[in-house]
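Reviewing the structure listed below.
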Amino acid sequence: MNCEVCQLKELEVEHYEIREVLRCILHTIIFHRALGLVRPKDIDLELFEITYVQCGDLEVEKKIDEKIEQFISWVEKHPNKKSQICLSFYEVKNKQPSWFTNKIERLYWEQWYVNLNVAQLPKAHSNKSHHSKVVFDPGESASEERSVHRAALEASLRDVLFQIIKFVNEKKDHVPSISEGVIYFPYEITIPSSSDSAFGMDMIKRMLQTGHPTMLS
């Protein structure tokens, strides 16, 4: 099976912007790959003049928020590093078990790489609640610089959203057929490992699950 890969434009973000930026991108991808009846919900970003659409599914929201919090924890432990989050869609197939695989195989057919460069600028205060306002109070000396950064990031985030829509509209032949009543393709969100050794263990676990190595973020 062909696995289409989309490398999204790298975004330079500050720590307090990570949560909103990732929610916007991940929800946009999943919404455009949703199959059945969903309850679209418009979300206005608090930091940018951008509106995106969620599927209106609490389980999807919970899964995305959990992964974002894990990613933010990783960023705090690994400052000054460029990083990726990988959103992968897959099919589940039954296969003959052997000594190194189990009965279930994941066949990945599409992977999205979200590329972030987290700038180490003065910290802002950010509320983790999805429904709460983001609180940010920069010093006067930095306000102009942050205004320029915010405008540039907003433009780049719009570019990423258009990149997603363009990819979805152009890349259709690899999308697998679906069963009746299915709303979402199975998907997983992969964040960077905490260490090189942990990354190696993640790769071994993935090979045991799938029977073949897969590129990880």
Side-chain angles (χ1 to χ4, degrees), residues 6 8 11 13-36 38-48 50 52-79 81-92 104 106 108 110-118 123-136 157 160-161 164 182-195 197-206 208-210 214-217:
C6 183
L8 296 173
L11 300 175
V13 301
E14 294 186 41
H15 188 279
Y16 73 98
E17 297 165 327
I18 294 174
R19 195 169 284 107
E20 272 213 325
V21 167
L22 287 180
R23 277 183 184 143
C24 178
I25 293 172
L26 295 174
H27 277 290
T28 298
I29 295 170
I30 290 175
F31 175 78
H32 282 286
R33 282 300 185 217
L35 306 165
V38 297
R39 297 177 176 83
K41 181 169 68 172
D42 288 346
I43 302 295
D44 297 323
L45 294 184
E46 297 169 2
L47 298 174
F48 311 98
I50 292 176
Y52 68 96
V53 183
Q54 293 185 1
C55 292
D57 187 304
L58 291 178
E59 286 302 313
V60 172
E61 290 184 38
K62 180 181 177 183
K63 184 173 182 176
I64 288 177
D65 281 349
E66 285 176 353
K67 286 297 181 179
I68 290 174
E69 296 309 317
Q70 291 174 22
F71 175 76
I72 290 174
S73 295
W74 182 89
V75 167
E76 291 171 347
K77 295 173 184 175
H78 301 82
K81 277 192 177 182
K82 293 185 178 183
S83 52
Q84 286 184 327
I85 286 183
C86 179
L87 171 56
S88 303
F89 292 98
Y90 60 88
E91 281 189 288
V92 177
I104 302 300
R106 290 184 175 184
Y108 295 86
E110 188 171 273
Q111 292 182 315
W112 299 79
Y113 285 90
V114 183
N115 299 289
L116 296 184
N117 182 16
V118 182
K123 286 188 177 180
H125 301 290
S126 175
N127 194 314
K128 292 184 179 181
S129 170
H130 182 78
H131 304 288
S132 300
K133 293 292 182 183
V134 175
V135 179
F136 177 58
L157 183 54
V160 167
L161 297 181
I164 292 169
V182 173
I183 298 178
Y184 303 104
F185 286 112
Y187 68 93
E188 67 180 18
I189 301 171
T190 308
I191 64 172
S193 300
S194 57
S195 66
S197 60
F199 176 84
M201 289 303 297
D202 286 346
M203 177 64 80
I204 291 171
K205 289 177 183 177
R206 178 71 64 85
L208 291 174
Q209 290 173 349
T210 65
T214 307
M215 183 166 57
L216 295 177
S217 60

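Applying the side chain to side chain contact (heavy atoms under 4.5 Å, CB included) test to Asn115 and every residue at least two apart in sequence or in another chain returns Gln7, Glu10, Gln84, Tyr113. Evaluation of the side chain to side chain contact (heavy atoms under 4.5 Å, CB included) rule for Lys63 yields Tyr187 as partners, not counting sequence neighbours. In this view, Tyr90 and Tyr108 satisfy the ring pair (Phe, Tyr, Trp, His ring centres under 6.0 Å) rule, not counting sequence neighbours. Residues passing the side chain to side chain contact (heavy atoms under 4.5 Å, CB included) test with Gln70, sequence neighbours excluded: Lys67, Ile191. Residues passing the side chain to side chain contact (heavy atoms under 4.5 Å, CB included) test with Asp42 are Thr51, Val53, sequence neighbours excluded.
Residues Ile50 and Leu161 form a side-chain contact, since some pair of their non-hydrogen atoms from C-beta on lies under 4.5 Å apart. Phe48 is not listed as a side-chain neighbour of Cys24, based on a closest heavy-atom distance of 4.5 Å or more. Within the 4.5 Å cutoff, the side chain of Leu157 has heavy atoms near those of the Ile25 side chain.
Atom CZ in Phe89 sits 13.0 Å away from atom CZ in Arg106 (nearest 0.5 Å). To the nearest 0.5 angstrom, Trp112 atom CH2 is 6.0 Å from Arg33 atom CZ. Expressed to the nearest 0.5 Å, how far CG of Leu26 lies from CD of Glu61 amounts to 12.5 Å. Rounded to the nearest 0.5 Å, atoms CD1 (Ile30) and NE2 (His32) are 12.0 Å apart. How far OG1 of Thr28 is from CG of Leu8: 10.5 Å, rounded to the nearest 0.5 Å. For the atom pair CG of Asp57 and NZ of Lys41, the computed distance is 9.5 Å after rounding to the nearest 0.5 Å.
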Pair Leu22-Leu116, side-chain contact (heavy atoms from CB on, under 4.5 Å): steps then yes or no: CA-CA 9 Å; Leu22 287 180; Leu116 296 184; 3.8 Å; yes

Trace of the side-chain contact (heavy atoms from CB on, under 4.5 Å) decision for Ile189 with Ile68: CA-CA 9 Å; Ile189 301 171; Ile68 290 174; over 6 Å; no

From CA spacing to verdict: side-chain contact (heavy atoms from CB on, under 4.5 Å), Leu47, Val13: CA-CA 12 Å; Leu47 298 174; Val13 301; over 6 Å; no

Full working for side-chain contact (heavy atoms from CB on, under 4.5 Å) between Gln54 and Arg39: CA-CA 8 Å; Gln54 293 185 1; Arg39 297 177 176 83; over 6 Å; no

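Between the side chain of Glu20 and the backbone N or O of Glu46 there is at least one donor-acceptor pair closer than 3.5 Å. His78 places a side-chain N or O within 3.5 Å of a backbone atom of Trp74 that can act as its donor or acceptor partner.
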